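Keep in mind it's a predicted model, so treat the numbers as computed, not measured.
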Amino acid sequence: MYAAIPRYLLYLCVVLASLAPVARAWAGTTGTLSGRVTDAQSGAPITGARVSLTSPSQQSTAFTDADGRFAFVSLTPDEYDVTVTKDGYERISYAGLAIFADARQTIALQLHKVLKTIATVQSRGVASLVRPGTTADVYSIDANQQARTAVLGGGGNLNSAYSAISSVPGAYVPANQSGAQESVYVRGGDYYEVGYEFDGIPINQAFDNYTTSSLSSLGQLELQVYTGATPANAEAQGLAGFVNQVIKTGTYPGMGSLNAGIGTPAFYHSLSVEAGGATPDRMFSYYVGIGGFNQSDRYVDQFNGADVADEFGLPVGVCPGPHYQYAIPPSCYTDGARNLAVAGARGWILAEPPFSFEPAMQSIRTSIVNVHVAIPHHDDALRDDVQLLWDNDQLFTPLYSSLNDEGLVNYLASVLPTGYNR
């Protein structure tokens with residue numbers, strides 16, 4: 001025996017089920033710091049000590065409890081100065097404490113009772129890729145380190161995060177790659193075993209697990225490279241490694257920068273503009289970045305290796321003799337001298353192999369907008385963070401893809417008399 005359930009009750013259950021909250025965990029973009037303050041002589045906990053954190057992007061203060069413990073949550077990744085004060089004790093300060101996204105750090109602080117001050121000495125350790133105090137197997141590269149490692153990934157990676165990845169032990173980025181979907185190998189794993197996130201948002205393609213972005217370094221506050229297990233709350237999947245780009249947020253006071261570059265002998269120029277700001281209480285912040293670069297790619301030499309060996313091109317004809325009066329194709333020269341084969345014979349005019357994928361030039365245009373709006377709670381001191389993140393990454397890459405790209409047309413023009421109708 002069973003009683004029939006009215007149809008309107010079934011409809012009501014379906015509606016209520018559809019309104020139930022759905023939890024979804026994204027990779028974090030903030031860090032956590034906790035610690036304990038004790039007396040340097042007795043080791044007893046110090047209650048009521050004031051612990052202050054200061055950085056260009058955030059300021060925060062906490063007081064120690066009865067056990068001398070303190071904690072900071074939702075810290076923006078940055079370099080922080082730590083200051084601890086307490087009546088009857090000497091003030092201590094630490095500069096350059098790095099807070100990483102999606103990582104928890106713990107520090108122990110000791111205060112000395114006030115004595116007669118003779119001198120004050122401050123010391124600061126040299127920053128390294130591996131930082132103490134982190135609980136995850138992660139390498140962190142900040143914006144300054146990114147700029148210093150710009151050339152490690154080869155000429156095609158001057159404006160991307162691939163160069164910074166190349167600086168991490170256990171990670172390998174083959175040279176002469178460019179643009180999007182470059183191969184990255186971590187701890188011997190294959191390229192499709194690396195997970196990628198953009199400010200906590202997974203960006204791996206479903207069908208081949210390549211990243212959907214060119215990993216531009218514009219707006220990058222911190223690059224995280226996990227060479228072991230990925231963090232527990234990561235959305236992207238990576239068996240060999242994991243890469244997360246943490247994007248800049250606005251600061252108070254505001255910031256703005258203009259960067260331009262030019263290079264030779266390969267044609268290169270770049271331009272980027274960045275701006276950001278925030279309210280003093282960081283209830284609202286914004287960051288905007290616009291940039292791009294153009295670059296011509298060269299392989300082996302100025303003639304893309306076509307004048308060195310057959311491995312870099314296909315022979316399409318024999319170079320003209322030493323007294324030939326018409327124009328001679330560029331691939332008939334090496335370092336300004338005419339090519340000679342075995343036993344002094346004339347060399348070959350070479351052309352690019354057909355259906356090759358070597359980029360002739362690349363042009364990348366990137367724009368990023370990152371807005372944060374805080375919503376305070378009514379029943380406690382916490383607040384929710386609503387983020388609006390917009391990224392547009394455009395890549396234009398013409399390729400060398402036919403015999404006509406190098407040599408063949410020049411060869412036909414040189415061996416046929418002027419005015420000859422072909």
Side-chain heavy-atom pair R383, M283 within 4.5 angstrom cut-off: yes
Do you know the tightest heavy-atom contact between T61 and S52? OG1-OG, 3.7 Å
How about L53 and V82: do any of their side-chain heavy atoms sit closer than 4.5 Å? yes
Pairwise side-chain contact, L258 with L271, heavy-atom cut-off 4.5 Å (strictly under): yes
Which residues pass the salt bridge (Lys or Arg N to Asp or Glu O under 4.0 Å) test with R36, sequence neighbours left out? D67
Apply the side-chain hydrogen bond (donor to acceptor under 3.5 Å, both in side chains) test between S214 and each candidate in D393, N159, T366; give the one that qualifies. D393
Please check if atom OH in Y210 has more than 12 non-hydrogen atoms from other residues, nucleotides or ligands closer than 6.0 Å. yes
Could you check if a side-chain atom of V386 sits within less than 4.5 angstrom of a side-chain atom of L388, using non-hydrogen atoms only? no
Which distance, rounded to the nearest 0.5 Å, do you find between the CD of E222 and the CD of Q145? 10.0 Å
Do Y89 and V84 come close enough that some side-chain heavy atom pair is under 4.5 Å? no
For the residue pair D281 / T279, report whether a side-chain donor-acceptor contact shorter than 3.5 Å exists. yes
Quick one: side-chain contact (heavy atoms from CB on, under 4.5 Å) partners of V373, sequence neighbours excluded? F284, V371
Given S57, P56, P280, the one that forms side chain to side chain contact (heavy atoms under 4.5 Å, CB included) with Y252: P280
In terms of side-chain heavy atoms, does S285 have a donor or acceptor partner in Y287 at a distance below 3.5 Å? no
Mind checking whether T249 and R282 have side chains closer than 4.5 Å, heavy atoms only? yes
Crowded around I290 CD1? As in, over 12 foreign heavy atoms under 6.0 Å? no
How about L33 and L97: do any of their side-chain heavy atoms sit closer than 4.5 Å? yes
Mind listing the closest non-hydrogen atom pair of A98 and E79 along with its distance? CB-OE2, 3.8 Å
Dump the intermediate steps for side-chain hydrogen bond (donor to acceptor under 3.5 Å, both in side chains) on Q387 and D199, then the final yes or no. CA-CA 11 Å; Q387 180 185 20; D199 212 39; 2.7 Å; yes
Nearest 0.5 Å, what's the OG1-CG distance between T29 and D102? 8.5 Å
Scanning both residues in full, the closest heavy-atom pair of T83 with S93 reads OG1-OG, 3.6 Å
Side chain proximity check, K86 to T64, heavy atoms < 4.5 angstrom: no
Under a 3.5 Å threshold, yes or no: a donor from one side chain and an acceptor from the other, between Y80 and Q58? yes
